Asker: 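Sharing a structure here in structure tokens format.
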Amino acid sequence: MTMIYKSEAGGRELLEHYRQALEAWPVPAEQLRVPTRQGETFVLVSGPHDAPPLVLLHGSGANASMWRGDVATWSQNFRTYAVDLVGEPGLSAPSRPALDSDAVALWLDDVLEGLGIIDAAFVATSLGGWTALDYAIRRPERVTRLALMCPGGVGRQKIGWMFKALLTRLFRRGGLRESAMAVAGLDGDRDQQALDAVVRTFTHFNPRRERLPVFPDEALRALTMHVLVIVGGRDAMFDSHQTARRVCECISHATVHLLPEVGHAVFGQAEPIAAFLRA
């Protein structure tokens, strides 16, 4: 636990807030714990038992609670599986499989097997977007549709924001909050609840710091499933314009939405994604 948290007490505080968020989940849900080669993986399951499966993968520094604003829409037509990525501030194991190998895909193999899922649609964001895209490339037969928001591994990963964030934290009062606003593209008034959660998390959590491996053109060209990519034009973490361009060039059947005034955190896309998943 201390590997991913700055202290035991900080980790306990974050998990307590997470458990409170789970109690406020907007639709009936089952809480499952799936054994995997990376340790136990927590999955929050909602929606009709006989509906097609939809796997949700959150970003870095997050957990399944990030989908609470979307799951009521998606669980009407899908059996949703909100997975806590291992190594992130959720209820899954603290292990961090190597990104430059097939370790993440093998972990997801175990998760899907444990859930009894043969193939599924995926909705994912940021690090989760990288994870879903890596899986679609390695296991195309198991991914029926792919909806990605600001995914890693396509456009250039920016590092300038990291140095600015560190300087802000060092020399300015309230620096962590300002850094979170800049990095995630959150508004201090409009997104206060989300901003509070980000500040709380990164007060106590040590995120992964390595660069995400970039997928080569030939890997992207090999994708045959329907793909939707939504990126923010003001994303401080990834070059969203390059992401959009590469997806358009390499995946001719993909749908790409570039939201010019949006940062890395993309909200309000439940209905467009649901329409894509149902099409």
Side-chain angles (χ1 to χ4, degrees), residues 1-26 29-45 55-69 71 81-99 103-104 106-108 110-111 114 124-131 152 161-162 165-166 168-170 173-184 186 191-212 237 264-265:
M1 185 168 174
T2 54
M3 180 184 72
I4 67 171
Y5 297 109
K6 297 173 184 177
S7 70
E8 292 282 352
R12 286 194 299 269
E13 179 182 337
L14 290 183
L15 293 183
E16 178 56 32
H17 277 280
Y18 182 31
R19 291 187 177 96
Q20 292 172 12
L22 292 178
E23 291 176 1
W25 197 246
E30 300 175 38
Q31 297 184 13
L32 304 180
R33 296 179 184 274
V34 180
T36 76
R37 69 194 70 200
Q38 295 292 336
E40 199 170 68
T41 296
F42 177 81
V43 185
L44 194 63
V45 188
V55 176
L56 311 178
L57 301 178
H58 61 78
S60 174
N63 49 48
S65 68
M66 74 158 291
W67 305 112
R68 62 185 177 272
V71 69
Y81 297 85
V83 179
D84 276 357
L85 299 183
V86 290
E88 298 299 322
L91 295 174
S92 292
S95 57
R96 287 177 169 169
L99 301 179
V104 177
L106 290 171
W107 163 73
L108 256 181
D110 293 343
V111 173
T125 186
S126 194
L127 173 63
W130 181 92
T131 301
W161 67 266
M162 187 180 298
L166 289 173
T168 300
R169 290 185 64 181
L170 284 171
R173 185 176 180 180
L176 179 55
R177 192 173 188 84
E178 291 186 16
S179 298
M181 291 170 62
V183 172
L186 298 172
D191 305 315
Q192 184 174 353
Q193 185 177 3
L195 185 58
D196 288 344
V198 171
V199 171
R200 183 188 307 116
T201 296
F202 286 97
T203 297
H204 302 297
F205 175 69
N206 291 314
R208 299 186 76 141
R209 300 187 184 279
E210 71 269 43
R211 283 182 175 272
L212 298 178
M237 297 190 70
H264 186 67

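Keep in mind that this is a model prediction, so the values were computed, not measured. As a basis for the values below, the full set of heavy atoms in this structure was taken, side chains included, without hydrogen atoms, waters or symmetry mates.
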Asker: What closest approach, in Å, do Leu127 and Glu88 show between heavy atoms, and which atom pair accounts for it?
Answerer: CD2-OE2, 3.5 Å

Asker: How far apart are the closest heavy atoms of Leu57 and Trp67, and which atoms are they?
Answerer: O-CZ2, 3.3 Å

Asker: Mind checking what makes ring pair (Phe, Tyr, Trp, His ring centres under 6.0 Å) contact with Trp130, not counting sequence neighbours?
Answerer: Phe215

Asker: Is the closest side-chain heavy-atom distance between Leu91 and Arg19 below 4.5 Å?
Answerer: yes

Asker: Hey, what do you get for OG (Ser126) to CE (Met66), rounding to the nearest 0.5 Å?
Answerer: 9.0 Å

Asker: Asp110 and Val34: side-chain contact (heavy atoms from CB on, under 4.5 Å), yes or no, with the steps?
Answerer: CA-CA 8 Å; Asp110 293 343; Val34 180; 5.9 Å; no

Asker: Using every non-hydrogen atom in the two residues, find where Leu99 and Arg208 come nearest and quote the distance to one decimal.
Answerer: CG-NH2, 3.5 Å

Asker: Examine distances only and state if a side-chain atom of Thr125 and a backbone atom of Gly128 form a donor-acceptor pair shorter than 3.5 Å.
Answerer: no

Asker: With the side chain counted from C-beta on, respond yes when Leu14 and Tyr5 share a heavy-atom pair under 4.5 Å apart, and no when they do not.
Answerer: yes

Asker: Can you find a pair of side-chain heavy atoms, one from Gln38 and one from Leu106, that are under 4.5 Å apart?
Answerer: no

Asker: How far apart are the closest heavy atoms of His58 and Leu85, and which atoms are they?
Answerer: NE2-N, 2.9 Å

Asker: Do the side chains of Val86 and Arg96 get nearer than 4.5 Å, heavy atoms only?
Answerer: no

Asker: Do you know which two heavy atoms are closest between Gly61 and Phe205, and how far apart they sit?
Answerer: CA-CE2, 3.7 Å

Asker: Ignoring hydrogens, what is the shortest heavy-atom contact between Arg68 and Pro26? Give both atom names and the distance.
Answerer: O-CG, 3.3 Å

Asker: Verify, without hydrogens or angle tests, whether Lys6 (side chain) and Phe202 (backbone) share a donor-acceptor contact under 3.5 angstrom.
Answerer: yes

Asker: Under 4.5 Å between any side-chain heavy atoms of Val83 and Phe42, yes or no?
Answerer: no

Asker: Are Pro89 and Ile4 side-chain neighbours, meaning at least one heavy-atom pair lies under 4.5 Å?
Answerer: no

Asker: Does Thr41 reach the side chain of Arg33, with side-chain heavy atoms less than 4.5 Å apart?
Answerer: no

Asker: Using a distance-only test with no angle check, is there a side-chain donor-acceptor pair under 3.5 angstrom linking His204 and Glu13?
Answerer: yes

Asker: For a 4.5 angstrom cut-off between non-hydrogen side-chain atoms, does Asp84 reach Tyr18?
Answerer: yes

